[in-house]
Each structure stands twice: as structure tokens, then as C-alpha cells.
Peer 1: 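Below is a structure I'd like to ask you about.
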Amino acid sequence: MANEKKTDYRAELFYQPKHGYDRITAKERAALEEYAEAYKVFLNEARIEREAVKLSIAMAEEKGFTEYVPGMALKPGAKIYYNNRDKALILAVIGKAPLSDGCVIAGAHIDAPRLDLKQQPLMEAEELAFFRTHYYGGIKKYQWVATPLELHGVVALKTGELVDVTIGRDPADPQLVITDLLPHLGGDQGKKTLSEAITGEGLKLLIGSVPYAEPGKDRVKLAIMSILNDRYGITEEDFLSAELMAVPAMEVRDIGLDRSMIGGYGHDDRSCAFAELKAILELKTPPRTAVCILADKEETGSDGVTGMLSQAFDFFMEDLCASQNVPLRRCYEKSFCLSADVCNGYDPLYPEVSELANNAKLNYGVGICKYTGSRGKSGTSDASAEVVAYLRKVFAEKGVVWQMAELGKVDQGGGGTIAKYMANRGIDTIDAGVPVLSMHAPFEIVAKFDCYMTYKAVAALYAAK
Ligand code: MN
Ligand code: MN
């Protein structure tokens, strides 16, 4: 009625985010549960980047993707992948529009914080054998002691042969651990700060205690080397050309009595990697070419041949563009990239580090981070208002539940992702991903709802005109 007087304009004028579970249908809830189960399997199996690449390739080939060969015909609908040294992967589905219209790129990373073995790892001290380690990525060192670990990776032999190593994944296998001090003798340790109480050099894996039968020096070390020689045919010198890493051994499990969350190692950033992967594997012929990046080395700054600062990505994209006689820069300037990386979920146990209105919360959907960086937004690519508006439009059309995110209070700290390296290429880029609790801990927590919405977000962008 024209003359009806309104008394409360809040619903119209205020932005009032709603809990995710109040926004979805029973049918979608079933889809969410199914998605979460598939993700749990992926997370449990892909504990290091090499395993993530291998598993992703197997899943892609099952969906008709083939390895890119330079010069191959790339018609709309062609599904290809580029394996960068078994540690990073790019997948693409050629779209209906020419590459001069740009691509839709989603970029996640598949490396995660862990303990790498040093190149001379094996040592014995007082008849106990250890592996020396060097941590990879940002860890709180105290979280990695007194927790079961597994060893994954490869040993590259002089012959060129690659030996795959996995110790601890099979339930019949032994596991490894780093010891901590008993509280009875931990008085002095307890007075140190959390970052000083356990040192980097102190992160040594306990790997054996029984001496070799013959008398002599380093008998326990010899016995361990003998076991490794039997199992893998390697000698101590072979460690020099090995990439072996200790990762948490905990199984991926549902968390909470309502089973609404998932606990596991490496949600950062495999929750987003799986979202992208599932979205691209389901594509037929998208409007614009869809690209899925599973990058390595994000946790150490994206340098190196398999990181996002590597030109390997540009070389691959240049090849795609060359097949359509399009200059790479023409493609980049019209492209859009969703840097799919996790954000911190608001944790009521630690309210002091976050500003609630702008921090992502569990179960409110995929977290969009307009800018990352620290202090005065140092080190951010800061996506434009226009880019955020584009996401609002696409997500509203496709029923993607999303929220704004920022990494803690203004002066609290900060961090970065691959976003700026994509933006520096001349590609409009914005961060989006799953809010995580206990990020970078050996056992991280995410909400199933947010994982599913991250997948829906990537799928919506791939399908957008
Ligand atoms: Mn990340
Ligand atoms: Mn991280």
C-alpha cells in the first residue's frame, strides 16, 4: 500500500550476514556432505605436493584430460594439463571465446608447512638415532614435538632413478616423533617464550634405538641405515640428493559432535586446491578458457621453478595463446584470477587478534580478502572495488555464500598469498578461500560448509560469461 508507513529500514539498508546453514536447502546440504567426503579422501592421500600432483593428474585423466604437448591442437573443449616437475600442476579447459578475451584462472597451492630432512640428516647421539630437520614454511615449533609424524618424499639416485619413500602412512608402518621435555624437568623451558622453548635445530626426529650386532662406532645409526638400505636400496650418500619431509600422521577426521568441521593436516591450501580441481574437472566447454593452478612453494614466498614467481606459468600460457595467435599480454589484461587461498577463521578463544566485523567466521561461506599484506597494507595487490563488485554479482547469481575476510587486526601481523604475483602479471586478481582455525598447525580445522562454498565460488566463476 502506498501510504503504509515503514518503521524499520534496517533490513533494507544494513548489511546483515546470515549463518550459512540458515541459507541453504536440504538438497544443497546433502551435496555439501558429499563434497566434504570426497575432499577428506583427497586431503588424507595428498600429504605433500608431489602426492597432490600425482593424485590430481590421476583424477584429471579419468575425466579426459591429457598432458599438454607443445603444438597440439587446442579446440574449444580441449582438456589439458601441464605437470611442472611433479611438484606443481596447471590444468586448462579451452573455452568458446578466444584467448584474446582472457581466461578465468583459479590459483591455489599444494605445499604446506612441514619439516624437511636436512641433506645430511642421519645422526646418532647416546645410542639413539635421529634425522636432523629444517622446517619449511611458517610453523610454531612447539606444535611439532610429541606428535606422530610420517616421512614422505623421494630419493634421487645418481643413476637417475627416483625412489619413492613413504614411512608411516601404512597402518603396519612405524611412525616417527620429536621428543619434548617432561614437565618435571621443564621448569627452565617453561620460562622461555613459545618461539624459543623449542629451537629449529632441536627438531630432530627419533628414528631408532637398537644397535647393529657387530661392535664399533655409531651402531644404532648403522642399524637404521641398514634398514633403509634393505627397504629402499639407498646409502647415506643418497640423502644428499633427496627430498624427504616429515608431515603429521593424524588421519583426516570429522570434528564436532555435529560433524560440521574437518580436522586434518594441510587444509592450507588443499581445501582450496581441491575446490578448484573439482570445479575444473566438471567443466565441458566454458565460455572463457578455464585455468586451474596448483602451485608449489607458496609457504616459502613463491620463489623457485615450481612457485608462482616462476615463468613456467607464463610459458604455458604463452603456448596456449600462440595456438590462437594471441599475444600473451592481450590475454592477461582481460583475464581474471581468483587466488584461492585460505584465510583465518575468527576464533573466540583468541578474540584479541581479530576485528570481528571484518574477520571471516566459520560457516559464513568462502572468505573474500580484498587485500592481504601487513601494517599499511605492505605487500598487497589490493583488488579493486570493481573486482569485488564483479564477485558480488557472479556469486549472487549462482547462490554462492561468501563473506569478507581480513587477516587479523590492522597492526596485529599479516601475510600474503600468490595474489600479488598474479596481479603483477597484469591480471585482475583477488584472494578467496576457506576460513581455517589453527592455521599452519599439524592439525587444522575447517567447516565443511565453507569448503563447499569455495568450490561453488570457483565453479561459478568458471561458468560466468
Ligand atoms: Mn595458503
Ligand atoms: Mn599458509
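Because only heavy atoms are used, hydrogens play no part in the values below, and waters and symmetry mates are left out as well, while side chains stay in. As the structure lists them, so they are numbered: ligands from 1, and atoms in each ligand from 1.
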Peer 1: How are the rings of F42 and F274 set to each other: parallel, tilted or perpendicular (split at 30° and 60°)?
Peer 2: tilted
Peer 1: Assess D268: does it contribute an N, O or S atom lying under 2.8 Å from the Mn ion (ligand 1)?
Peer 2: yes
Peer 1: Among the N, O or S atoms of D341, which one sits nearest to the Mn ion (ligand 1)?
Peer 2: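 This residue's closest N, O or S atom turns out to be OD1.
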Peer 1: Give the minimum heavy-atom separation between R270 and Y265, together with the two atoms involved.
Peer 2: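 Scanning both residues, the minimum pair turns out to be NH1-CE2, 3.7 Å.
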Peer 1: Where do Y390 and F336 land on the ring-ring contact (aromatic ring centres under 6.0 Å, His included) test, with the steps shown first?
Peer 2: CA-CA 10 Å; Y390 173 68; F336 172 80; 5.5 Å; yes
Peer 1: Without hydrogens or angle criteria, can the side chains of H152 and D164 be said to hold a donor-acceptor pair below 3.5 Å?
Peer 2: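 D164 and H152 do not have a side-chain donor-acceptor pair below 3.5 Å.
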Peer 1: Donor-acceptor pair, distance only, cut-off 3.5 Å: does the side chain of D296 make one with the backbone of A88?
Peer 2: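 Side chain of D296 to backbone of A88, a donor-acceptor pair under 3.5 Å: no, none is there.
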Peer 1: Any N/O/S atom, side chain or main chain, of E299 closer to the Mn ion (ligand 2) than 2.8 Å?
Peer 2: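 E299 does place an N, O or S atom closer than 2.8 Å to the Mn ion (ligand 2).
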Peer 1: From H109, does some N, O or S atom reach closer than 2.8 Å to the Mn ion (ligand 1)?
Peer 2: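 Short answer: yes, at least one N, O or S atom is under the cut-off.
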Peer 1: Would you check if the Mn ion (ligand 1) lies under 2.8 Å from any N, O or S atom of E298?
Peer 2: no
